[in-house]
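All remarks here apply to the structure that follows.
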Amino acid sequence: LVMYALWYRYIKKDPAESVRLLLGSTSGLALLLLGESYRDGIGVYINREESSKYLRMAADKGSAHATFLMGQLMLRLTSQQEAESLIQQAAKWGDTDAQACLGMIYLESDNTSTVKKFEAVKWLEMSASKKNATGQLELAKCYERGIPEFNFQKARELYASSAELGNESAKAALTMY
């Protein structure tokens with residue numbers, strides 16, 4: 001995490017040099033950062049194939065966040081089932097963004113059964129408990145809709161916590177309370 005933060009601080013100074021330095025490394029973190037660089041065009045031109053290649057290599061080295069990012073990429077490009085499987089794997093490894101995303105996938109699926117709703121809440125609660133702003137926001141919405149129960153006080157607390165973390169949608173939702 002510290003190396004991740006330092007890299008993002010350094011990249012602002014010289015993005016191209018940052019990417020050049022990472023290209024020689026085979027660490028999971030370096031591969032994740034390369035994947036993100038090619039995805040976002042940081043120090044290099046945007047290249048989905050290169051991004052996918054480096055994210056896949058980082059995921060193969062056990063990076064939960066790279067696995068989540070691969071799942072997100074696949075949601076947009078290819079198989080929903082394969083993408084969901086990757087996101088689920090990253091969620092199980094503890095990636096809070098993946099946990100929030102998986103909860104949202106379960107809530108938004110065409111055939112959302114009661115079991116899927118409770119599974120969604122389980123993942124959102126995991127994410128929210130680790131201070132993930134999106135997880136908190138989406139869990140608050142669940143409580144407003146009565147999933148697993150109506151609890152407007154809990155929803156308000158979650159919106160407030162998410163807003164403190166900078167979530168603009170949560171800040172807007174708080175104006176209703």
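In this text the structure is predicted, and so the values were computed from the model without any measurement.
- Between the side chains of Y45 and E50, no donor-acceptor pair of N or O atoms lies under 3.5 Å.
- The two residues M74 and A83 have their closest heavy-atom pair at CB-CB, 3.6 Å.
- Hydrophobic clustering keeps W123 apart from L137 (ILVMFWY residues linked when any side-chain heavy atoms are closer than 4.5 Å, directly or through intermediates).
- No more than 12 heavy atoms of other residues, nucleotides or ligands lie within 6.0 Å of CD in Q81, so this atom counts as exposed by the packing criterion.
- Counted by atom type alone, E144 and Y159 present one or more donor-acceptor pairs between their side chains at under 3.5 Å.
- S129 places a side-chain N or O within donor-acceptor distance of the main-chain N or O of M126, the cut-off being under 3.5 Å.
- Counting heavy atoms from C-beta on, the side chains of L75 and I105 come closer than 4.5 Å.
- For the pair L32/E36, a side-chain contact is recorded, criterion being any heavy-atom separation below 4.5 Å from C-beta on.
- When every heavy atom of L174 is checked against every heavy atom of A160, the shortest pair comes out as CD1-CA, 3.6 Å.
- Under a cut-off of 6.0 angstrom, the local environment of NZ in K130 is crowded, with over 12 non-hydrogen atoms contributed by other residues, nucleotides or ligands.
- The backbone N or O of L33 sits less than 3.5 Å from a side-chain atom of S37, completing a donor-acceptor pair.
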Take M70 and R56 through the test side chain to side chain contact (heavy atoms under 4.5 Å, CB included) and record every step on the way to the result. CA-CA 7 Å; M70 280 297 303; R56 172 75 63 196; 3.4 Å; yes
In sequence, state the C-alpha distance, the side-chain angles, and the governing distance for F68 and L55, and then conclude on side chain to side chain contact (heavy atoms under 4.5 Å, CB included). CA-CA 9 Å; F68 165 63; L55 290 173; over 6 Å; no
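- Residues M104 and T134 form a side-chain contact, since some pair of their non-hydrogen atoms from C-beta on lies under 4.5 Å apart.
- Note that OG of S52 and CE of M57 are 11.5 Å apart. Values are rounded to the nearest 0.5 Å.
- The number of heavy-atom neighbours closer than 6.0 Å to NZ of K92, taken from other residues, nucleotides and ligands shown, is 12 or below.
- Side-chain contact between I46 and D40 is absent, with no heavy atoms from C-beta onward closer than 4.5 Å.
- Rounding to the nearest 0.5 Å gives a distance of 8.0 Å between CD of Q136 and OG of S127.
- Counting all heavy atoms, side chain and backbone alike, K116 lies closest to E84 at NZ-OE2, 4.0 Å.
- Annotation: the span from N151 atom CG to R156 atom CZ amounts to 12.5 Å, rounded to 0.5 Å.
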Would Y106 and Q88 count as a side chain to side chain contact (heavy atoms under 4.5 Å, CB included) here? Give the steps. CA-CA 11 Å; Y106 287 165; Q88 186 177 57; 3.0 Å; yes
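- At least one donor-acceptor pair closer than 3.5 Å links the side chain of S51 to the backbone N or O of G35.
- Considering every non-hydrogen atom in both L107 and C142, the closest pair reads CD1-SG, 3.5 Å.
- When all heavy atoms of S162 and A133 are compared, the pair lying nearest together is OG-O, 2.8 Å.
- The shortest distance between side-chain heavy atoms of V121 and I147 falls below 4.5 Å.
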Salt bridge (Lys or Arg N to Asp or Glu O under 4.0 Å) between K122 and E125, intermediate numbers included: CA-CA 5 Å; K122 176 187 94 170; E125 285 175 339; over 6 Å; no
Run the numbers on F152 and Y143 for ring-ring contact (aromatic ring centres under 6.0 Å, His included), then give the verdict. CA-CA 6 Å; F152 296 107; Y143 281 116; 9.7 Å; no
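- Summarising the local packing, CZ of R145 is surrounded by more than 12 heavy atoms from other residues, nucleotides or ligands at distances under 6.0 Å.
- Considering all non-hydrogen atoms of both residues, A90 and A64 come closest at CB-O, 3.1 Å.
- No side-chain heavy atom of Q99 sits less than 4.5 Å from a side-chain heavy atom of W93.
- Taking NZ from K131 and CG from L165, the interatomic distance works out to 7.5 Å, rounded to the nearest 0.5 Å.
- Contact of the L31 side chain with the S63 side chain is not registered, since no non-hydrogen atoms from C-beta on lie closer than 4.5 Å.
- Put simply, the residue from I87, T96, N132, L124 that forms a side-chain contact (heavy atoms from CB on, under 4.5 Å) with C101 is I87.
- Side chain to side chain, T67 and Q89 fail the donor-acceptor criterion of an N or O pair below 3.5 Å.
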